[in-house]
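A short worksheet on the structure shown next.
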Amino acid sequence: METKTMTQAMDMHATDYCDRYGCNTFSGDTMLRFLEPEVYESLQETMKKGKPLDPAIANSVAHAMMEWAIENGCTHYTHWFQPLTGATAEKHDGFLEPKGTGAIAEFKGDMLIRGEPDASSFPSGGIRDTWEARGYTAWDATSPAFILPNEEGGTLCIPTAFISWTGEALDKKTPLLRSIDAINEQAMRLLKFFGTDEGVTRVETTLGSEQEYFLVDEAFVAERQDLLLCGRTLIGAMPPKGHQLDDHYFGKIPERVLAFMDDAERQLYELGIPVKTRHNEVAPGQYEIAPTFENANVATDHQMLLMQVLKSTAAAHGFACLMHEKPFAGVNGSGKHNNWSVATDTGVNLLNPGSEPQTHWQFLTFLCAVIRAVDLHADLLRASIASAANDHRLGANEAPPAIISIYLGQMLSDILEQIESDEPRSAKDGGTLDLGAVTMPLVSRHSGDRNRTSPFAFTGNKFEFRAVGSTSSVAWPNTILNTIIAESLDYIATALETELAGSSSGEQKETAVRALLKDIVKTHKRVVFDGDNYSAEWHAEAERRGLPNLRTAADALPAFGSDCASDLFDRYNVLTARELHAREEVLLEQYCTIVGIETRTLLSMLSTQVLPAALRYQYELAAQVKASQDVSVNCQRTAARLNDLSSLTEAMQESIETLQAADAMEHESALSHSAYVRDSIIPAMTIAREVSDQLELMIPDDIWPLPSYTEMLFVR
């Protein structure tokens, strides 16, 4: 009876989740209920097939959205957008409009299509001066509107692009949408060449972004300026136990954490975000959540919402959700694995090898386009994930190095060798695994292994860009990825169309494709590496191959300032030279500003907490030594400890003075400032931290003023 009751409860729980999935989004059945059939069909043409939006339906859609929102307790709406801050932005307006002595609820088409937030205080990279305040938000009909509930009801959120009065993109959505169009245009040319375009109206990039994060009790965070202001610990000695035993990874999820996850997933389901997987990650206190695939634009919006929901839900459960790439030095960091593919609107994944990949020429063409793109534009791909935060993670034991390379696996690497040598043979098969126990089934094995050390790995029917940082919006790296691959698709399509002008023979097509792919493999195979990317041998080999190793954000970000980058983005209508330059400036300024905030936070903690604690303990030790010596008690080791402490205290004061002087330096440009940050400020912060961490290991717990790593990572 008890088992039946439990099963019934589980069924009710699952049914409730299914019934409420997407209930806070204006999509599916909700749209059908509130829109006239012809309006619904017209909007679907835009949402599903990328057709231009018909302005004539705007009033009907706006009124329907308002009715739905009010029915769900909303009093306000907002144009929800993604400025260059890396966060989201919203300005709430009420539905109520005063009319005579009363008021009515009103939301018209022009209010849906265009908003006008102040653009003067957002990063613009020089596109807008402070006094030039006018900016516009424009409705993105391809991403569903949604409701963010609150205690009083909720707010209707309308995904939008954000542009200046002069028309330049001031956000991350606009160039992403343009890059998706670029992929579509060039991919459709290849589908037409291969004769597989029948019924296909559009090619979309698809995306699934895994999200890693830490949970720390909010009481600890409240006691640490670094976590409050910077999202990471600037000082902190390693605990005796970290993740050496690998006992946290995929282990039992703590009950309090599981309650948080259930709560967050319920909200995400209601927002139509298809989260699928949750588990403990490598480090104590670290977790992961992963969705299934969606089109890249919607997936990007959902990624921003996911981070917002995780943070707000954590607070409701007494946690702080830390998204930083490296909140704890020496402990596994967090990434956002960017699973990217490309597919037709008829559901065909163009990166699916099929059963005979060695003769699947369309697949091999798209594969080689990716290889060529990553090799030619590795510097841009590296720059797309460059940040002060990600610098702490790339190259550590849990993240790929800053060298961009591609992992293909045994089967595909063998096929590339076949293409280059003109020696066709059957593709390698993974076969099956016999576990050796008669009761166990045979386990089918993939044709290739997985490589967690590779920054850009093929994983069956997609590429996993593992180097994306956990705090990042995925819009920017996917904009770069889409653009460089669109350029390679264009190169291939143009070459094939030129070679076979006026000819449609299947044999001639295959011959032309073989020859072109052979040339691409020979030229760009240097970027393919299936080994251990962590090894010193690979770093030396990569240098011999001529692959760039842009170790820091300060090294990587100037790639956006090259003429090559400017020409590329302008050619595919993704970013003008002015828009691209603005992003380079914004990213460099953010790098310098973030490190500047960390520097001043560190100075505050060292000056007001660490140094006073060290001096207090030094005073106590000195008193003990004197008292012992006064009565002729041997205190040689205590005196030695006092000398060690005194030396560290002096070193601490010296490091504070060095940091203060470094922080006071002025710079002519963001570029020169970033180089100074890399070469002077960050090394000075590292030295100060080393001294502080040594002091933490000496000073008694009752004097040390900060929660320790042991407390923050293990107390649940």
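Since this is a predicted model, take the numbers as computed values, not measurements.
- Annotation: Tyr709 is in aromatic contact with Phe328 [ring centroid separation under 6.0 Å].
- There is no side-chain donor-acceptor pair under 3.5 Å between Gln82 and Thr88.
- Between the side chains of Asn280 and Gln286, no donor N or O sits under 3.5 Å from an acceptor N or O.
- Looking at Arg232 and Glu598, a side-chain N of the basic residue comes within less than 4.0 Å of a carboxylate O on the acidic one, giving a salt bridge.
- Between Asp226 and Arg600, none of the side-chain N atoms (NZ, or NE/NH1/NH2) sits under 4.0 Å from a carboxylate O, so this pair counts as no salt bridge.
- Between the side chains of Arg641 and Tyr617, at least one donor N or O sits under 3.5 Å from an acceptor N or O.
- Between Glu464 and His337, the side chains place a donor N or O and an acceptor N or O closer than 3.5 Å (distance only, hydrogens not considered).
- His79 and Thr160 share no donor-acceptor pair across their side chains, judged by distance under 3.5 Å alone.
- Note: Tyr676 and His667 meet the aromatic proximity criterion, with ring centroids under 6.0 Å apart.
- Listed here is the closest heavy atom pair of Ser143 and Asn297: CB-ND2, 4.0 Å.
- Side-chain contact of Gln303 with Ser473: a donor-acceptor pair under 3.5 Å is absent, judged by distance alone.
- A donor and an acceptor atom, one from each side chain of Asn643 and Ser646, are nowhere located under 3.5 Å apart.
- Aromatic pair Trp538/Tyr407: centroids not less than 6.0 angstrom apart.
- Residues Pro612 and Ser607 come closest through the heavy atom pair CD-O, 3.3 Å.
- In this pair, His317 and Phe260 present their aromatic rings perpendicular. The plane angle is above 60°, beyond the 30 to 60° band.
- Judged purely by distance below 3.5 Å, without hydrogens or angles, the side chains of His581 and Glu579 never pair a donor atom with an acceptor atom.
- Aromatic ring centroids of His248 and Tyr287 lie under 6.0 Å apart.
- Side-chain contact, Ser470 with Gln211: no donor N or O sits under 3.5 Å from an acceptor N or O.
- Residues Asn390 and Ser472 have side chains that never bring a donor and an acceptor to within less than 3.5 angstrom of each other.
- Side-chain contact annotation: Glu210 with Asn339, donor-acceptor N/O pair under 3.5 Å present.
- A salt bridge between Arg393 and Glu212 is absent, with no side-chain N of the basic residue lying under 4.0 Å from a carboxylate O of the acidic one.
- Using a 4.0 Å cut-off between charged side-chain N and carboxylate O, Glu265 and Arg278 make a salt bridge.
- Salt bridge Lys172/Asp301: absent, no basic N to carboxylate O contact under 4.0 Å.
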